[in-house]
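Encoded as structure tokens, the structure appears first; notes follow it.
Computed from a predicted structure; not experimentally measured. The sequence lines fix the lettering, A, B, ..., with proteins before strands; numbering per chain opens at 1.
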Number of protein chains: 2
Amino acid sequence: MTTTPHIPVRDLSLKHLRQSCVNCSLRELCLPIGLSTEEMRELDTLITQAKPIKRGEALYRAGEPFRSLFAIRLGFFKASVISEDGREQVTGFHMTGELMGMDAVSSDLHTCDAIALEDSEVCELPFTDMEELSRRIPILQHHFYKLMSREIVRDHGVMLLLGNMKAEERIAAFLLNLSQRFAIRGYSASSFHLRMTREEIGSYLGLKLETVSRSLSKFQENGLIKVQNRLIEIINPDALKQLINNCQQ
Amino acid sequence: MTTTPHIPVRDLSLKHLRQSCVNCSLRELCLPIGLSTEEMRELDTLITQAKPIKRGEALYRAGEPFRSLFAIRLGFFKASVISEDGREQVTGFHMTGELMGMDAVSSDLHTCDAIALEDSEVCELPFTDMEELSRRIPILQHHFYKLMSREIVRDHGVMLLLGNMKAEERIAAFLLNLSQRFAIRGYSASSFHLRMTREEIGSYLGLKLETVSRSLSKFQENGLIKVQNRLIEIINPDALKQLINNCQQ
DNA sequence: CGTACGTTTGATGGGGGTCAAGAAAGGTGG
DNA sequence: CCACCTTTCTTGACCCCCATCAAACGTACG
């Protein structure tokens, strides 16, 4: 039984089931790989009803047993690991259409917390079912390998950022990355709302919240962006790009 | 020079190929998941003859088309990404029994360079063949998902290190990590040879080579380790562990 | 044996962490 | 709608860690 958010819950025809898959949570998962209608239907039967997660709630926490991946149907999450001595490191921010929980496959335990930064909805994908299905649909198997690989590449990018870039370069890269991801989803690339605190940005970028705040203020002074609390307007994206590339190591 | 392989390179009968799979390059891949002899044989037919890579040579480079994963049969590699403006970030060091190239699945192009830091041997695993086989051997499919997931978890650990730790903590964590991985492979945990330069260590840890050198010297002064060029002897592993955990945030 | 590369160590300076205080925003209950 | 409180954000002052620059030394290799 799959429900679908922007479609009324009671209206559960097959057509809408498929739509839910294509349009929302599994956009990245299904749409680009060209499954047949029949295969898509099989995939849909796997997916449980969309589950709402309120802002501040955990989708899962480190240490919990792993059963499912989660596709974000709508909303915004942070993923973070806590070290033994209590330090938090935000490992990623995830938005509509992205898949979470792939880190948990390795040990059958979640290795990080996933916290909703706004009211969200996720679709649960039981992993063993998914594995079974992907054996029968080669293209789906390949796509899952690709998704996990993409996560690795993304992490390498963050490592480059943390290892090589100065504070302002990191912030610039972060803003451009968000901008691009919003744009892909049909939102404005030049104006968006930050769902996370300065502290969470800082944790992700290896900076203190004061440094994040200062950098944003400086960008505003220089006319690169406009900051109004968590509303960001990108005035001069080219200057931001230049900032990242110019500072030769 | 390089340590001697368990099996002479020239002796490549089927039996030895299988042994090579079990004992060396694919230790992590095959051994722990309990394949039947028949399945193991199928896997072996997939694997090409061990290929030697000399010190300094590239196993692959960023941008090259992706065809295969590589299992390190013997040796030591660094993986690194180069940013558009020429900055190098070492994303990992890989030793015997580990799998390289999983980042390339996402785009069918290698996204990083893999450079041998000592004379090495790798087994090539053509990825499409591997996918096909893993469809018929569920446990193999699951294991590959796990391996990729493990890579993600590992990267999260590095992100924590880069985002939260001070120079000496990073070095301590790095040394302990190497120590542990050597120990798993049956080598000494307390005494080992660094295959990489101070600069490469620094790149991996987000530090400059001088800082790496200074930290090692300081550890030696304090009796935690003994450094003799690239030979490291760990005198007081507990003190190193404490170093990582004590420095609260 | 000499050149090149890698390493160590010192001196210096700056980027960003830390501490602190005040301002702004958001949520809650009356 | 307002008063109140909490959380988040901004800005300033100070200082420390680590990058940078520089020089000398050790080691590997042709």
- Note on the structure: Picking from C:dG16, C:dT8, D:dC18, the nucleotide nearest the side-chain atoms of B:Ala167 would be D:dC18
- Item | Between C:dT18 (C1') and A:Leu209 (CG): distance, integer Å | 11 Å
- Query: Is there a donor and acceptor pair closer than 3.5 Å between the side chain of A:Arg214 and the base of D:dG12?
  - Reply: yes
- Task: On the 0 to 90° scale, with breaks at 30° and 60°, tag the A:His110-A:Tyr60 ring pair as parallel, tilted or perpendicular.
- Result: parallel
- In whole angstroms, the gap separating P of C:dG6 from CD of B:Glu200 amounts to 8 Å
- Task: Rounded off to whole Å, could you give me the CD1-to-P distance for the A:Ile232 and D:dT8 pair?
- Result: 17 Å
- Item | Protein-nucleotide distance (A:Arg195, atom CZ; D:dT7, atom P), rounded to Å | 23 Å
- Of the candidate nucleotides C:dT7, D:dC29, C:dT8, which contains the atom at the shortest distance from the side chain of B:Thr197? C:dT7
- Task: Could you check how far CD of B:Glu118 sits from C1' of D:dA28, rounded to whole Å?
- Result: 17 Å
- Item | C:dG6 OP1/OP2 closer than 4.0 Å to side-chain N/O of B:Arg198 | no
- For B:Thr211 and D:dA19, is the shortest distance between a side-chain N/O and OP1 or OP2 below 4.0 Å? yes
- Item | Gap between atoms CD and C1', on B:Glu221 and C:dT8 respectively (whole Å) | 12 Å
- Side-chain donor-acceptor contact under 3.5 Å, A:Ser191 with A:Glu233: no
- Message: Measuring centre to centre across the rings, with the benzene-like ring taken for any Trp, is A:His94 within less than 6.0 Å of A:Phe77?
- Response: no
- Message: Below the 4.0 Å mark, does C:dG16 have OP1 or OP2 next to a side-chain nitrogen or oxygen of A:Lys166?
- Response: no
- On DNA chain C, nearest-nucleotide positions of A:Asn229 versus A:Glu210: which is more 5'? A:Glu210
- Could you check how far CZ of B:Arg170 sits from P of D:dA19, rounded to whole Å? 8 Å
- Item | B:Phe192 ring center within less than 6.0 Å of B:Tyr187 ring center | no
- Regarding the side chain of B:Val227, the nearest nucleotide among D:dC9, D:dA19, C:dT8 is C:dT8
- Query: Does a side-chain N or O from A:Arg230 land closer than 4.0 Å to OP1 or OP2 of D:dC9, or not?
  - Reply: yes
- Any side-chain donor near an acceptor of the partner, B:Glu88 and B:Ser203, under 3.5 Å: no
- Message: For a quick check of understanding: with a heavy-atom distance under 4.0 Å over all strands, which category does A:Gly202 fall into, base, sugar-phosphate or nothing?
- Response: nothing
- Message: I want to verify a distance call: between C:dG6, C:dT8, D:dC29, whose nearest atom is closest to the B:Ser213 side chain?
- Response: C:dT8
- Message: Between C1' on D:dT8 and CD1 on A:Ile201, what's the gap in Å once rounded to a whole number?
- Response: 12 Å
